[in-house]
Each structure stands twice: as structure tokens, then as C-alpha cells.
Number of protein chains: 2
Amino acid sequence: MPLLAEVFRELGYEGATLSRITERTGLGKGSLYHFFPGGKEDMAAAVLADIDDWFVRHIYQPLETGEPRAAIAKMWDETAAYFRSGRRICLIGVFALDATRDKFAAAIRLYFARWIDALASALRRGGLLPAAARAQAETAVLGIQGALVLARGLNDEAIFTRAVGRLARELALPERGKARPLKKGAP
Amino acid sequence: MPLLAEVFRELGYEGATLSRITERTGLGKGSLYHFFPGGKEDMAAAVLADIDDWFVRHIYQPLETGEPRAAIAKMWDETAAYFRSGRRICLIGVFALDATRDKFAAAIRLYFARWIDALASALRRGGLLPAAARAQAETAVLGIQGALVLARGLNDEAIFTRAVGRLARELALPERGKARPLKKGAP
DNA sequence: GTCTATAAAGCGATAGAC
DNA sequence: GTCTATCGCTTTATAGAC
């Protein structure tokens, strides 16, 4: 399944031909159609469901139910690792940009919507007003996608790392009242 | 040529088949191969060159040589109009995300690099330090691409308009020393 | 320049042996 | 489950009439 996902990710839906899929997964057409009776569209749908599952467990659920600051920090870590610091791109982003979107509109919409919603939820619980939380969440998710496009277009993964670092800093929640340990000489 | 560009933009390189190109442009295969002896790859290259030309004239040159504030304001206006407030997406972004990038790596890289460079130039001349100018320019171009992905993924062009508005505000150059007219009671 | 006809290869999908 | 063989169809590209 990860192999299958990688074919669609790198080649796009139209570019991922059955011959290339068999080549990279090692599975013949017979096996592929055994697992995915609906053919190529079935395979892509399964990959999208698999990705959604991963994001639910690693990103959305922690944001929705966990301690906000920790969940957001985890989100940035997982995101950087998932996209391999910009070397890997977002399959949903790839599908979203061309006519493939119309085939999988619901799944694509849900991916972005739930990410924004989950992040906004964490920001609200972290002390931001609802409108500000939503705007910040939108900015962060949008920034990740933009960073992926730019990193790939310029073939420079440093762009991604830099952008994610900046986004993470700008997303910082308001300070809590807790006193932090101070070194001597600090104000 | 605009029609040709739109086919690649909406369908991607792999999805833009010759039959769909003939269908949308009204040109038969004979005519297409007469104008583009190199076939499909030749057509895409011509479209990329055409887009580059447009951006040079409407975005890059004003940023590189014009009055910084006016050029940046013009950039936001032209950008919003060009992408039809998010209804249209970026052909170069589409090509950048899948394996098509490797076919047109130089043109794609140049598109993003020159946009960032031109914007950074305007920001420097507007009073920003070189490092800050470059970081801000990167953020802006990245934000535009992200806004396009998200607007299309969520099928909600308001996202694009909102994001571009925010990016434009955050890109604001430092105030010049000029006194602004003050209303009575202002500090 | 633009058309039709056609070539050669590749496409997604199916059938049936094993 | 996995393989090979094969079906229609579409693809890019070419040839040649007009």
C-alpha cells in the first residue's frame, strides 16, 4: 500500500499507469484486480483512505482531543517527517490541482477541511478566539501546501524546512501565566 | 495559445491528450503538428514560454525596475486577476507537483525563482534588509501557491481572496517618514 | 495550413489456466 | 492469489491528399 501510494504521489493519477504500478509494487495485473476490482480508480480511493487514516491517527485526533500545545508541536514534527522535509509531496495536493479532483472531490475536500478544523479546535482550546483560530489554522495548512509546491518547483528542500519553521513560530499560542525558570540576569 | 494553456492547466500534462487539445482549440492534429513539430512536449514548452513572457511583462519587470510600493500593489492586483480569484490554478504549480517537473525543470525553477527574486528586489529597494526581503518574498510566493491548492481542494475561492488579502497586508513595507494627515484627537 | 487515414505503441480491463 | 494472453480502445505521431 505504501508503494502504491508512492506511485500516485510521484506520477499523478493519469501518470500512474497500470504497467508502472505493477512494475513498482511487484504485483501483476491479476493480483491488482483481485485486490481492487474497481481497477485504478479503486486503487487511488484505497490510497486516499489509507492516507486519511494516517492523518486521523497522527494529526487530527491529537489536535482534536489532546493538550493543545503538545498536539500542535506534534503536528509540526509529524508533518515534517511525513513529507520528508519537503522531498515528498502531498498526494492530495497533486490530485487537487488537476481534473483528478473531480473524481475524488469528497475525499480531497475532507482532507483539507478536517486538518483546518482540527487545528482550529486546538488553537481555540489553547486560548484563541474562534475567528482567529480558524484564520491561523487556514494559514498554516495553506503554508504547508505552498511550501511543498515551492520546494519541489525549486528543487530545494531547504525552502520547506524554513517555511515550516516560520509557520510553527507564527502559530505560537499566547503565553500562559506560568512562571518559567529564569537564568540569573534575565529581566 | 490561451486555449492551449487552459487545457494543460485544467488537465495536467498527462491528462491533456491530443484529442482533447484538438477538441478545445478547434485545431486538427495536422495543424497542431505543423505549429509544434515536437508534438505535445513542444506545445507545453510553448505554453510555459508564453506564461513566462506574461509574468515578465506584468509582474517581474515592474517589481525589478518600478517604484517598489506601486509595483507590489500592482503585483497583488495582477495576481488576483490572473488566477481569477482562485478559480484558475497555476500551470507551473500543476507541472511542479508530479513527474512532469522533470521534463520542464528549468522553466519551472525559473518561474518561481524569478518571482521571488523580483519581489525581494522591490522589498529591498523599499527599505527592507536583504535577508528580510528574501524571506518575505519567499513567504508571499509560497502563500499564493498554497492558497491556490487549498482553494481548489476545498472548492472555495473565498479562501484565495482571503489569503491574498492577508499576504498583501503582511508584506507591507515600513512607513516612510512622510507625515500623514491626522484627524483631530489622534495622538 | 488543414484535413483524413493510418501506423505503432500503450492504455485499462478481462478471461482463464494454474 | 498470481500468472499469461488477449480484448477493445486510446494514445502520440506520421503520411499524404487537398
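Just the heavy atoms: all of them, side chains too, but no hydrogens, waters or symmetry mates, feed the values below.
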Inset, instruction - Examine A/K40 relative to A/Y13 and say whether NZ or CZ is less than 6.0 Å from the centre of the six-membered ring and inside a 45° cone about the ring axis. - result: yes
Legend entry - Charged tip of B/R114 within 45° of B/F55 ring normal and under 6.0 Å: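 No, a cation-pi geometry is absent between B/R114 and B/F55.
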Inset, instruction - May I ask whether A/F36 and A/I51 are part of the same hydrophobic cluster, defined by side-chain heavy atoms of I, L, V, M, F, W, Y residues being less than 4.5 angstrom apart, directly or through others? - result: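 Per the 4.5 Å side-chain linkage, A/F36 and A/I51 are co-clustered.
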Inset, instruction - Not counting sequence neighbours, list each pair that qualifies as a side chain to side chain donor-acceptor pair (under 3.5 Å) and has a residue in residues 90-100 of chain A. - result: A/D98-A/T100
Inset, instruction - Under 4.0 Å from any heavy atom of chain B: name the first and the last nucleotide of DNA chain D that qualifies, 5' to 3'. - result: D/dT11 to D/dT14
Inset, instruction - Using a 4.0 Å cut-off on protein heavy atoms (strictly under), produce a 5'-to-3' string for nucleotides 8-14 of chain C with B for base contact, S for backbone-only sugar-phosphate contact, and - for none. - result: ---SBBB
Legend entry - Between CZ on residue A/F160 and CD1 on residue A/I144, distance to nearest 0.5 Å: 6.5 Å
Legend entry - Aromatic plane relationship, A/Y60 with A/Y111 - under 30° parallel, 30 to 60° tilted, over 60° perpendicular: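 Because their plane-to-plane angle is over 60°, the rings of A/Y111 and A/Y60 count as perpendicular.
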Legend entry - Shortest non-hydrogen contact from B/L11 toward B/R20: CD1-CD, 3.6 Å
